[in-house]
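Predicted model, so just to flag it, every value in this text is computed and none were measured. Within every chain, numbering begins at 1; the chains are lettered A, B, ... in the order of the sequence lines, protein sequences first and strands thereafter.
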There are 2 protein chains.
Amino acid sequence: MTVYTPGQVAEETGFSLDTLRYYERIGLLRRVRRNAAGQRRFTEDDVSWLGMVRCLRDTGMPIAEMRRFAELVWQDEPNVKDRIAVLERHDRKVEEQIAELRRQQDVIKRKIAYYRGVLAIPDGVTAQDRESAS
Amino acid sequence: MTVYTPGQVAEETGFSLDTLRYYERIGLLRRVRRNAAGQRRFTEDDVSWLGMVRCLRDTGMPIAEMRRFAELVWQDEPNVKDRIAVLERHDRKVEEQIAELRRQQDVIKRKIAYYRGVLAIPDGVTAQDRESAS
DNA sequence: ACTTGAGGTGGAGCGCACTCCAGGGACCAG
DNA sequence: CTGGTCCCTGGAGTGCGCTCCACCTCAAGT
């Protein structure tokens, strides 16, 4: 059974050593096994869970909610429906985030277009450069 | 010339009164005019700039960078090209954010599908529910 | 024997973006 | 006059998610 040192896990997941320890402290990572010398040895499962954490984190899920999801995952009761519910809810939030970004990106693009228009004015025209966002 | 009270601006822009005052303090909003009693009276320009701020903020631009952009906008030198440069750089970042969200959303969707598969197993099968994220 | 480097702990500190608060005006309606 | 509502100021506090630090241990290499 393969295990990973903290350094390897940091390398692989992109989390810093401090962050890995922090996640363990706050219970976002279940108690990691230790070798004889008390050093952490992560399992494959730990690493793949961290992959999930990265994904949820990078899509803006707050730590408290990840912890709640973790509890679900670590119970071995048949709560698969609950897990699905959490993920679907989050998926919808991600969708909404993307939509919002697109909307705002549109405003930015229009602003850029407006500025391009200003640049295109022959020159010598009085600075007609007032911020009327459209 | 129309002016707006803090309350109206808060209403219209969605920023809290405290946030409006905060933005003024840190120079993200230029010194707002006051009436005889020392109360703020925002101009149309203030409000439309706040619209831009909301847009940049909601797409993740840090305050420090918004301040730099604000400086550009408030100079009346012909720096339109610089403004365009800032906005285009930001636009690309937003694009990258969206792409990243889509990538991670995909992982979530695959996880959901995996869980659905688990649910579909006839029942009575030994909890083969190990987290192998695929 | 010694150096190097990875890792351990507990706890303090940080950066960001607000948010709240105490204590005080200005003005209006009843 | 009383109350209510809106607004003012300076400064302290908050919540999140890390990040840093001092000081210690252990194991491997030369």
Which atom pairs link the protein and nucleotides 23-28 of chain C when you take only N or O atoms and keep those under 3.5 Å?
none

Heteroatom pairs (N/O) under 3.5 angstrom, protein to nucleotides 13-18 of chain C:
unit_1, atom_1, unit_2, atom_2, d
C:dA17, OP2, B:Ile63, N, 3.4
C:dC18, OP1, B:Arg57, NH1, 2.7
C:dC18, OP2, B:Tyr23, OH, 2.7

Which is it for A:Val53 and A:Tyr23 under the side chain to side chain contact (heavy atoms under 4.5 Å, CB included) test, yes or no, and what are the steps along the way?
-> CA-CA 10 Å; A:Val53 169; A:Tyr23 282 174; 3.9 Å; yes
Report the C-alpha separation of B:Arg40 and B:Glu24 in whole Å, then their side-chain angles, then the decisive distance to 0.1 Å, and conclude whether the salt bridge (Lys or Arg N to Asp or Glu O under 4.0 Å) test is met.
-> CA-CA 11 Å; B:Arg40 289 176 180 80; B:Glu24 187 180 351; 2.6 Å; yes
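The side chain of B:Arg41 places no N or O atom within less than 4.0 Å of a non-bridging phosphate oxygen (OP1 or OP2) of D:dC8. Residue B:Thr5 places no side-chain N or O under 4.0 Å from the OP1 or OP2 atom of D:dC6. Remark: B:Arg21 is not in phosphate contact with D:dT9, judged by side-chain N or O atoms under 4.0 Å from OP1 or OP2.
The residues B:Arg103 and B:Glu96 are annotated as salt-bridged, a charged nitrogen and a carboxylate oxygen being separated by less than 4.0 angstrom. The pair B:Asp106-B:Arg110 meets the salt-bridge criterion, since a charged nitrogen lies less than 4.0 angstrom from a carboxylate oxygen. For B:Arg116 and A:Glu88, the salt-bridge test passes: some basic side-chain N is under 4.0 Å from an acidic carboxylate O.
For CZ of A:Arg31, the number of neighbouring non-hydrogen atoms (other residues, nucleotides, ligands) closer than 6.0 Å is 12 at most.
Exactly one residue among A:Asp45, A:Leu20, A:Leu28 makes a side-chain contact (heavy atoms from CB on, under 4.5 Å) with A:Leu50. That residue is A:Leu20.
By the 6.0 Å and 45° rule, A:Arg33 does not stack over the aromatic ring of A:Phe42.
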